[in-house]
Amino acid sequence: MAGIKVFGHPASTATRRVLIALHEKDLDFELVHVELKDGEHKKEPFLSRNPFGKVPAFEDGDFKLFESRAITQYIAHEYADKGNQLLSPGSKSMAILAMGMEIEAHEFDSVASKLGWEQIFKNFFGLTTDQTVVKEEEVKLGKVLDNYEARLGESKYMASDHFTLVDLHHIPVIQYLLGTPTKKLFEERPHVSAWVADITSRPSSQKILV
Amino acid sequence: MAMKVYGNGMSVCVARVLLCLHEKETEFELVPVDLFACHHKLPSFLSMNPFGQVPVLQDDDLTLFESRAITAYIAEKHKDKGTDLTRHADAKEAAIVKLWSEVESHHFNPAISAVIHQLIVVPLQGKTPDAAIVEENLEKLGKVLDVYEEKLGKTKYLAGDSYTLADLHHVPYTYYFMKTCHAGLVNDRPKVKAWWEDLCSRPAFLKVSPGLTVAPPTN
């Protein structure tokens, strides 16, 4: 059996999203390293796996996928009976989950990724952090986290009383932001702070840190 | 009781939900929200969507926002009627639909929405479009459409040989885009053009498109 393979980079937030899901499900897999600094993701053979030239790409036997949030959802459904439950049964509960995933993708990630880029990844490439952008994006992130603070006052996790894909999708970017001054935005909000401490201390969240 | 959708037919994200409701032949009530009067920022609306955006869906005691979460819910709830929008019966096919839905969400949408914002929304605010933003995003959009051109040479629709949410989510922004002077980006790519014309021929589209009334300035 060919098994599960993830084509990505261990530092990439999108790759980590998939790896965390695989660990939550106790699944064996192989991480095939894609050397981003050599532009391997923008060339063949990687482009045949993802024509958009982004990590990760994924294989389960001869079934192929890309887009990290499509991959995590496939893992959560296909291996529903293994490891930790990452979904919420019932159409209304699944709808709340879907809504939470959309909020993470459109409201949270768009802002949080910019803060990660400015404060961490730019340094890898020898570029300078633009503090004006950081200030602007922190204001936006603050508003999103105000909504999260209200939400997490009502339930322990974002979409349910148990950990689901919605919480999982946030982990990689949050882990990076905790290493920057932006972490104060999480610390200032008690429910958000407790949630962050909880989701980043899960064994699967720890396993993917290099 | 029929589902309620809060929003207006001219909004791209509302239209996405309306298309889905029509594809699923589902009754609903459209409750207009006066965006110009900022009713979407009032506490009564924010209690439904704290991000202050349309659409919002109410189905009995369920309140949902985020258009793509709403379409997923409608498609799942009514999976046994109307068009099969999610290929729910097979986990791998369902994953492929999700994949191309993610592509729309993360690759197509940011580029096309930036162009539409500059060419249609900004003039409505009495300001001048930023040509640099338009050019940058047209370039990104062109690259996405190159990938689509190749994919649509292999399958009739983005996620396979039947119409799904992956195609549906593209429709409202593309409809507005085709009213701008940059429609060539679609028309110059034969497979993308044929796919677009097919999407426009669907009965659900013909019901929703009259509501998509905003247009770029004619000067």
Side-chain angles (χ1 to χ4, degrees), chain A residues 14 17 42 47-48 50-54 57-58 60-80 90-110 113 140 143-151 154 159 165-166 169, chain B residues 13 16 46-47 49-53 56-57 59-79 86 88 90-110 113 140 143-144 146-151 154 159 165-166 169:
Chain A
R17 203 170 273 132
K42 302 293 182 191
L47 284 179
S48 297
N50 181 354
F52 295 93
K54 293 194 173 180
F58 175 87
D60 185 0
D62 54 10
F63 178 60
K64 296 174 168 41
L65 273 187
F66 56 93
E67 286 297 325
S68 65
R69 296 171 186 83
I71 298 168
T72 57
Q73 287 181 70
Y74 166 73
I75 291 166
H77 283 282
E78 182 72 0
Y79 298 99
S91 67
K92 286 181 180 173
S93 304
M94 279 305 296
I96 302 288
L97 208 95
M99 183 168 75
M101 288 194 284
E102 291 296 307
I103 294 168
E104 180 274 326
H106 292 285
E107 311 290 343
F108 177 85
D109 191 67
S110 49
S113 290
K140 292 179 194 170
K143 290 183 180 158
V144 174
L145 293 181
D146 285 340
N147 284 334
Y148 280 23
E149 182 68 9
R151 178 94 194 133
E154 290 163 11
L165 284 184
V166 177
H169 286 173
Chain B
C13 300
R16 215 173 258 137
L46 292 174
S47 65
N49 179 357
F51 293 94
Q53 292 169 327
V56 169
L57 180 90
D59 186 19
D60 293 329
D61 56 348
L62 176 70
T63 301
L64 272 191
F65 54 92
E66 288 297 325
S67 63
R68 297 171 188 81
I70 296 171
T71 57
Y73 170 67
I74 294 164
E76 172 62 25
K77 182 177 181 180
H78 297 291
K79 61 186 175 206
T86 55
H88 55 274
D90 182 296
K92 289 178 176 163
E93 292 198 30
I96 300 289
V97 175
K98 292 220 173 88
L99 185 169
W100 288 95
S101 301
E102 290 292 303
V103 167
E104 180 275 327
S105 185
H106 296 285
H107 296 280
F108 179 86
N109 190 64
S113 65
K140 287 181 187 170
K143 288 182 181 159
V144 173
D146 285 340
V147 174
Y148 286 16
E149 183 70 8
E150 198 173 324
K151 182 68 168 78
K154 297 175 193 163
L165 285 184
H169 287 167

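All chains are named by letter (A, B, ...) in the order of the sequence lines, taking the proteins before the strands, and each is independently numbered beginning at 1.
Of all heavy-atom pairs spanning B/Leu62 and A/Ala95, the tightest one is CD2-CB, 4.3 Å. Taking both residues in full, the closest heavy atoms of A/Ala98 and B/Ala69 are given as C-CB, 3.5 Å, listed atom of the first, atom of the second, then distance. Listed here is the closest heavy atom pair of A/Glu67 and B/Leu99: CG-O, 3.8 Å. Closest heavy-atom contact between A/Lys92 and B/Asp59: NZ-O, 4.0 Å. Nearest heavy-atom pair, A/Phe63 versus B/Ala95, reported as atom, atom and distance to 0.1 Å: CZ-CB, 3.7 Å.
Within a 6.0 Å sphere centred on NZ of A/Lys143, heavy atoms belonging to other residues, nucleotides or ligands number 12 at most. More than 12 heavy atoms of other residues, nucleotides or ligands lie within 6.0 Å of NZ in B/Lys77, so this atom counts as buried by the packing criterion.
For the set A/Ser91, A/Ala150, A/Gly100, the count of heavy-atom pairs under 4.5 angstrom toward chain B peaks at A/Ser91. Contacts with chain B were tallied for A/Gln73, A/Lys64, A/Glu78; A/Gln73 has the most, counting heavy-atom pairs under 4.5 Å. Chosen from A/Ser110, A/Ala70, A/Pro51, A/Ala105, the residue pairing most often with chain B at heavy-atom distances under 4.5 Å is A/Ala70.
Both the backbone and the side chain of A/Phe66 come within contact range of chain B, each with at least one heavy atom under 4.5 Å from a heavy atom of that chain. For a residue to count as touching a neighbouring chain, one of its non-hydrogen atoms must lie under 4.5 Å from one of that chain's; by this rule A/Ile96 touches chain B with backbone and side chain alike. Heavy atoms closer than 4.5 Å to chain B are found in the side chain of A/Lys54, but not in its backbone. Neither the backbone nor the side chain of A/Met94 has a heavy atom closer than 4.5 Å to any heavy atom of chain B. Both the backbone and the side chain of B/Ser105 come within contact range of chain A, with heavy atoms under 4.5 Å apart. When heavy atoms are compared at a cutoff of 4.5 Å, B/Val97 does not approach chain A at all. B/Asp60 touches chain A through its side chain: at least one heavy atom from C-beta onward sits under 4.5 Å away, while N, CA, C and O do not.
Atom-to-atom distance recorded for A/Asn147:CG and B/Asn49:CG is 8.0 Å, nearest 0.5 angstrom. In this structure, the separation between CD on A/Glu102 and CZ on B/Phe51 is 12.0 Å, given to the nearest 0.5 Å. How far OG1 of A/Thr72 is from CD of B/Glu102: 8.0 Å, rounded to the nearest 0.5 Å.
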Taking it one step at a time, do B/Lys92 and A/Asp60 satisfy salt bridge (Lys or Arg N to Asp or Glu O under 4.0 Å)?
CA-CA 10 Å; B/Lys92 289 178 176 163; A/Asp60 185 0; 5.7 Å; no
Determine, stepwise, if the pair B/Arg68 / A/Met101 fulfils side-chain contact (heavy atoms from CB on, under 4.5 Å).
CA-CA 10 Å; B/Arg68 297 171 188 81; A/Met101 288 194 284; over 6 Å; no
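Listed by chain and number, the residues in a side-chain contact (heavy atoms from CB on, under 4.5 Å) with A/Leu47 are A/Glu44 (sequence neighbours excluded).
The aromatic rings of B/His106 and A/His106 lie parallel to each other, with less than 30° between the two planes, well short of the 60° mark.
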